[in-house]
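Okay, structure first, notes after.
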Amino acid sequence: MPRDSFNREIDYLRISVIDRCNMRCVYCMPLEGLRFLPNPELLTPAEIELVVRAGVEVGFRKFRLTGGEPTLRADLIDIVERITRVDGVAGVAMTTNAMLLENLAQPLQQAGLARINVHLDSLNPDTVERQMRWGNFDRVWRGIMAAEEAGLTPIKLNAVVTAGYNESDVVDLARLTIERDWHVRFIELMPLGGGECATLSVKRYVSNIETRRRIEAQLGPIDELPTENLSDEARNYRLKGARGVIGFISPVSEPYCGTCNRMRLTADGKFHLCLLNDDELDVRRALRSGSGRELAEVGQILRRAVEMKPTGHHLLEGRSTRDRSMYQIGG
Ligand code: SAM
């Protein structure tokens with residue numbers, strides 16, 4: 001397994017397949033002034049497969065597709081089929097807003113996808129429209145139901161808690177775990193990309209300490225669960241007698257950089273070394289070099305990316321990424 005210079009085992013590659021999205025969440029994408037990658041700049045399914053093959057040779061085992069919104073790629077099924085068939089891949093998951101999942105869940109499962117995380121900030125349709133803007137609660141909910149029926153489980157829901165939007169809706173989201181064996185996770189806002197969404201993310205930040213307090217005040221105490229997987233970014237809890245899990249992902253109030261096991265591949269073919277840092281290594285040039293040694297070259301770049309991975313973020317000193325927002329990195 002590859003280790004970085006801080007002796008962390010890095011074996012998890014998050015692959016962004018597109019920078020476009022069919023939502024405009026207030027903290028992620030502005031309504032105007034966006035410029036997306038032209039298609040020839042996106043990695044093709046064959047190129048993504050080659051990066052995964054190189055990743056497996058370097059020691060990577062876990063892979064996740066993300067975006068932008070991955071379901072907007074017309075060739076998503078091809079991508080999933082190709083990478084789940086690579087020997088040594090221990091599981092492919094996907095992060096999605098589920099708007100297009102109702103029809104895609106079954107084919108994705110048949111193509112080999114194991115699990116999904118669905119981003120849903122509220123169970124209140126009005127809040128969804130305000131906060132996720134182009135999002136539609138009923139469509140997302142139908143997508144989640146289709147995913148569960150297709151066996152893309154355990155279902156994990158991710159909600160980004162945003163002051164003035166959904167900070168009270170966390171109680172209803174947490175309540176879902178009583179009857180359902182889902183994981184409902186609350187994420188702290190991070191400022192990325194330096195634009196209006198980064199400014200909003202600072203102003204509207206809600207710490208998970210506050211979110212936990214709000215949930216416990218309404219639903220009673222939650223018990224911490226033993227950590228099964230050290231690199232799990234969430235601290236996990238359960239309401240008394242509940243079937244599901246409540247998770248807190250707290251990059252700002254409780255950074256987990258010390259156990260980070262992630263590398264990221266952007267849709268335009270860069271290894272992005274740390275979510276909250278601008279350092280990148282280009283891999284697309286090697287993929288398109290025509291040298292006949294692409295697999296070895298990509299493996300070398302990935303090893304270098306692991307060695308160069310930074311140790312921690314600087315959010316509390318007011319520093320974050322300036323070059324890319326979350327939708328351009330792959331959250
Ligand atoms: N479209 C997919 C989705 O909505 O999950 C995948 C990409 S999206 C960028 C991945 C995750 O990043 C979502 O859960 C989203 O809420 C989260 N995200 C975006 N901007 C964020 C920010 N500024 N702080 C924290 N999380 C953010």
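Atoms within a ligand are numbered from 1 in the order they appear, just like the ligands themselves. Only a predicted model underlies this, so the values are computations on that prediction, with no experimental measurement involved.
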Margin query: Whether the Glu167 and Thr162 side chains hold a donor-acceptor pair (N or O, under 3.5 Å, no angle test) is what I'd like checked.
Written below: no

Which donor-acceptor pairs under 3.5 Å do the side chains of residues 173-182 make with protein atoms, sequence neighbours left out?
| unit_1 | atom_1 | unit_2 | atom_2 | d |
| --- | --- | --- | --- | --- |
| Arg175 | NH1 | Asp172 | OD1 | 2.4 |
| Thr177 | OG1 | Ala174 | O | 2.7 |
| Trp182 | NE1 | Glu148 | OE2 | 2.9 |

Checklist line | Sole candidate of Glu280, Arg284, Gln328 that passes side chain to side chain contact (heavy atoms under 4.5 Å, CB included) when paired with Thr266 | finding: Glu280

Next item on the list: Assess the side chains of Arg204 and Tyr165: does a donor N or O sit below 3.5 Å from an acceptor N or O?
Entry: no

Next item on the list: Check step by step if side chain to side chain contact (heavy atoms under 4.5 Å, CB included) holds for Thr95 and Arg14.
Entry: CA-CA 10 Å; Thr95 298; Arg14 298 175 68 108; 4.1 Å; yes

Item checked: Atom-level proximity to ligand 1, residues with heavy atom under 4.0 Å -> Tyr27, Cys28, Thr66, Gly67, Gly68, Glu69, Thr95, Thr96, Asn97, His119, Val160, Glu188, Leu189, Met190, Ser201, Met326, Gly331

Check: Does one side chain, of Asn117 or His119, offer a donor that lies under 3.5 Å from an acceptor on the other?
Finding: no

